[in-house]
Visitor: 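The structure under discussion is supplied below as structure tokens; questions concerning it will follow.
What's counted below: heavy atoms across the whole structure, side chains too, no hydrogens, waters or symmetry copies. Residues take their numbers from the sequence shown, with the count starting at 1.
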Amino acid sequence: MTAPRAVYGKTLARLGETMEEIVVLDADLSKSTKTSYFAEAFPDRFHDMGIAEQDMLSTAAGLATGGLTPFA
């Protein structure tokens with residue numbers, strides 16, 4: 001049995017291979033949320049926002065307005 005968060009992280013990394021518009025934002029929890037898989041594969045499209053969840057979501061909204069597909 002695989003933890004859902006591991007599936008989430010690995011799926012994001014796989015999607016990132018073919019969808020260059022995907023960016024991932026994280027609130028200093030990449031090891032727990034497993035977004036570290038994406039961060040390792042695409043460091044230029046991964047943004048650790050620190051412990052600032054409200055800012056992370058505002059940033060994600062701005063990125064989406066600019067045509068990217070953020071996962072926060």
Visitor: Under a 4.5 Å side-chain heavy-atom rule over Ile, Leu, Val, Met, Phe, Trp and Tyr, are Tyr37 and Ile22 clustered together?
Guide: no
Visitor: Could you give the distance from OG1 (Thr69) to CE (Met19), rounded to the nearest 0.5 Å?
Guide: 5.5 Å
Visitor: Locate the shortest heavy-atom distance separating Ala72 from Leu57; write the atom from each residue and the value.
Guide: CB-CD2, 3.9 Å
Visitor: Looking only at heavy atoms, what is the nearest atom pair of Thr35 and Phe46, with distance?
Guide: OG1-CE1, 3.7 Å
Visitor: Tell me if the CD atom of Glu20 is crowded by more than 12 foreign heavy atoms within 6.0 Å.
Guide: no
Visitor: Decide whether Phe42 and Leu15 are clustered together by the hydrophobic rule: side chain heavy atoms of Ile, Leu, Val, Met, Phe, Trp, Tyr closer than 4.5 Å, transitively.
Guide: yes
Visitor: Looking at every heavy atom in both Gly67 and Glu21, which two are closest together, and how far apart are they?
Guide: O-CB, 4.2 Å
Visitor: Nearest 0.5 Å please: distance from the CZ atom of Phe71 over to the OG1 atom of Thr33.
Guide: 13.0 Å
Visitor: To check you understand the geometry: which heavy-atom pair defines the closest contact between Lys31 and Ser36, and what is its length?
Guide: CA-OG, 4.4 Å
Visitor: With clusters defined by side-chain heavy atoms of hydrophobic residues (ILVMFWY) lying less than 4.5 Å apart, directly or transitively, does Leu68 cluster with Met56?
Guide: yes
Visitor: Let's go through Val23 and Arg45 carefully: what are the C-alpha distance in whole Å and the side-chain angles of both, what is the deciding distance for side-chain contact (heavy atoms from CB on, under 4.5 Å) to 0.1 Å, and is it a yes or a no?
Guide: CA-CA 5 Å; Val23 293; Arg45 292 169 27 206; 4.2 Å; yes
Visitor: Any chance you could measure Arg14, atom CZ, to Phe38, atom CZ, to the nearest 0.5 Å?
Guide: 13.5 Å
Visitor: Below 4.5 Å, heavy atoms only, C-beta onward: do Met49 and Thr59 meet side chain to side chain?
Guide: yes
Visitor: Taking all atoms of both residues into account, what is the closest heavy-atom pair of Ala60 and Pro70, and its distance?
Guide: O-CG, 3.2 Å
Visitor: I would like to know whether Ile51 and Glu53 meet side-chain contact (heavy atoms from CB on, under 4.5 Å); could you show each step before the answer?
Guide: CA-CA 6 Å; Ile51 304 172; Glu53 290 83 352; 4.1 Å; yes
Visitor: Run Leu25 and Leu63 through side-chain contact (heavy atoms from CB on, under 4.5 Å) and show every step you take.
Guide: CA-CA 10 Å; Leu25 294 87; Leu63 291 169; 3.8 Å; yes
Visitor: Report yes or no: does Asp26 contribute a side-chain atom to a donor-acceptor pair with the main-chain N or O of Asp48 at less than 3.5 Å?
Guide: no
